[in-house]
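What follows is a short report on a single structure.
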Amino acid sequence: MKILAYNVRADEAEYVKAWAAKNQVTVDMNQKDLTPETVKDAQDYDGVCALQTSEYDPEVYTALMAYGIPQLAIRSAGFDGIDVAKAKATGLKVTNVPAYSSSAIAEFSVQQALQLIRETPAFAKNVQAQDFRWNGFISKELNQLTVGVIGTGRIGKSAIDIYRGFGSKIVAYDLYPNEALKPYVTYVDNLSELYAVADIITLHAPATAENHHLICQDSIAQMKNGVYIVNTARGSLIQTADLIAGLDNGKIAGAALDTYENEADYFGKDWSGKKITDPILQELLHRDDVIVTPHVAFYTETAVNNMVDISLDSVKEVLETGSSRNEIY
Ligand code: NAD
């Protein structure tokens, strides 16, 4: 069995080599996106896996099938770049990695909330400037706060488990509440109830047509004064201009954004020394009450190892059995 792994980062390569050795499978690697041009490199292989932020051109699906490669395994959970209907129509089996480490994202989101309530960015900036005064940056404690969790799936549940350890009160909203969480989570039937009581709002729902710009002028108006917002889910959940207005008028005390609605041109790329032309991103970067991180909540050794292993397991599974439990439908 010979597999070609596209766009392998340096931090993935060791895990790829380890998987290949363990499974006695040849896995060659490149640093290219999978495109109608680069798909030609896969001609002599049995299977492929890939990871990229750009969309997968449907021509790639037909080319893979023409080369006798029946599958495409993407090494991420999100499959926004795949046209599932077109891929299916060719007969190609596309797999993702539905869960690789919920803890990675959950832990990150909670530490972002802690940074906000403990005024860490403001202290760090002042200390950098050798101003060692406290400057009135008096903090709050998680054990005194109510956390509003929107989306209580794998990551939301993991975040709830951590917040419980801190002694926070938890209110939650999900289209499908998790019965197992009900003993220690107060589920609300509509978001207005969550907005009315939450000191911190943490987003863990996928981006859907229904929740596009869920956090907007209307919803912000329903929130407590001084609310903190943490988004490690998807940028489109927040109408960013409205968020900035909420920060400006003091309604929102701080926001931590690991995802941003127009992140595609910037996150994961080196813009040092270049002018950022997106005025909203520029504004976010210059604010003391906003923490921007470039979609890195998932980025831990455990998660990357799992992304590599699970995607390569899926390649092997499809090649050996014709299907995989991680197939995207
Ligand atoms: P999941 O499918 O296990 O859970 C999502 C939950 O959200 C489900 O319980 C679902 O019922 C609920 N939901 C769906 N639409 C909703 C809505 N409109 N309002 C409230 N709840 C809603 O997914 P997960 O593994 O917990 O991942 C959650 C999200 O985290 C992903 O969809 C992705 O957007 C994001 N994510 C971010 C990173 C990162 O690095 N920042 C990494 C992985 C995932």
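These numbers come from the heavy atoms of this one structure, side chains and all, not from hydrogens, waters or symmetry mates. Note that ligands are numbered from 1 as they come in the structure, with each ligand's atoms numbered from 1 the same way.
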- Note on the structure: Shortest non-hydrogen pair, Ala180 vs Pro183, comes out as O-CD, 3.3 Å
- For atom 19 (N) of ligand 1, grab the closest protein heavy atom and report residue, atom and distance to one decimal in Å. Tyr173 CE2, 3.6 Å
- When clusters are formed by joining ILVMFWY residues with side-chain heavy atoms under 4.5 Å apart, either directly or through shared neighbours, do Ile229 and Ile291 land in the same one? no
- Message: Would Phe298 count as being in polar contact with ligand 1, using the rule that some N or O on each side must be under 3.5 angstrom apart?
- Response: yes
- Query: Just which atoms of ligand 1 are under 4.0 Å from any heavy atom in Ala297?
  - Reply: 39 (C), 40 (O), 41 (N)
- From Ile201 CD1 over to Tyr228 OH, what is the distance, rounded to the nearest 0.5 angstrom? 13.0 Å
- Message: For Ala297 versus Asp258, what's the shortest heavy-atom pair and its separation?
- Response: N-OD2, 2.9 Å
- Message: If you take the nearest heavy atom of each of Arg154, His204, Glu210, which one is closest to atom 3 (O) of ligand 1?
- Response: Arg154
- Polar proximity ligand 1 side, Ile155 side, N/O cut 3.5 Å exclusive: yes
- State whether Lys86 and Asp57 are salt-bridged, where the test is any N-O pair (Lys NZ or Arg NE/NH1/NH2 against Asp/Glu carboxylate O) under 4.0 Å. no
- Message: Between Lys32 and Asp41 (salt bridge meaning N to carboxylate O under 4.0 Å), is one present in this structure?
- Response: yes
- atom 15 (N) of ligand 1 sits nearest the protein heavy atom Leu175 CD1, 3.6 Å
- Task: Return the option from Gly151, Pro206, Ala106 holding the heavy atom at the smallest distance from atom 5 (C) of ligand 1.
- Result: Pro206
- Task: Please could you name the atoms of ligand 1 that Asp258 approaches to less than 4.0 Å, counting only its heavy atoms?
- Result: 39 (C), 40 (O), 41 (N)
- Mark the output for Tyr100 as yes if a heavy-atom distance to ligand 1 is under 4.0 Å, and as no if none is. yes
- Message: Test of understanding: with side chain to side chain donor-acceptor pair (under 3.5 Å), list the residues that count as partners of Lys169, not counting sequence neighbours.
- Response: none
- Query: Just going by heavy-atom distances, which of Ile150, Leu214, Thr232 is nearest to atom 37 (C) of ligand 1?
  - Reply: Thr232
- Tell me, which protein residue and heavy-atom name are nearest atom 22 (C) of ligand 1, and how many Å apart are they? Ala205 CB, 3.7 Å
- Looking at Thr152, Val149, Asp174, the heavy atom closest to atom 11 (O) of ligand 1 belongs to Asp174
- Hey, can you tell me if Tyr260 and Phe267 have their rings parallel, tilted or perpendicular (30° and 60° cut-offs)? tilted
- When you look for heavy atoms under 4.0 Å from ligand 1, do you find them on the side chain of Asn211, its backbone, both, or neither? side chain
- Between Asn211 and Pro206, is there a donor-acceptor pair closer than 3.5 Å when you use the side chain of the first and the backbone of the second? yes
- OG1 of Thr300 to OH of Tyr100: how many Å apart, nearest 0.5 Å? 9.0 Å
- Task: Run the numbers for me: atoms of ligand 1, each under 4.0 Å from some heavy atom of Tyr176, listed by number.
- Result: 11 (O)
- Query: Closer than 4.0 angstrom: is that true for some heavy atom of Arg234 and an atom of ligand 1?
  - Reply: yes
- Geometric class of the Phe123/Phe137 ring pair [parallel <30°, tilted 30-60°, perpendicular >60°]: perpendicular
- One finds that the ligand 1 atoms under 4.0 Å from a non-hydrogen atom of His295 are 38 (C), 39 (C), 40 (O), 41 (N)
- ligand 1 atoms nearer than 4.0 angstrom to some heavy atom of Gly153 are 3 (O), 4 (O), 6 (C), 9 (O), 26 (O)
- Task: Please state whether Ala233 comes within less than 4.0 angstrom of ligand 1, counting heavy atoms only.
- Result: yes
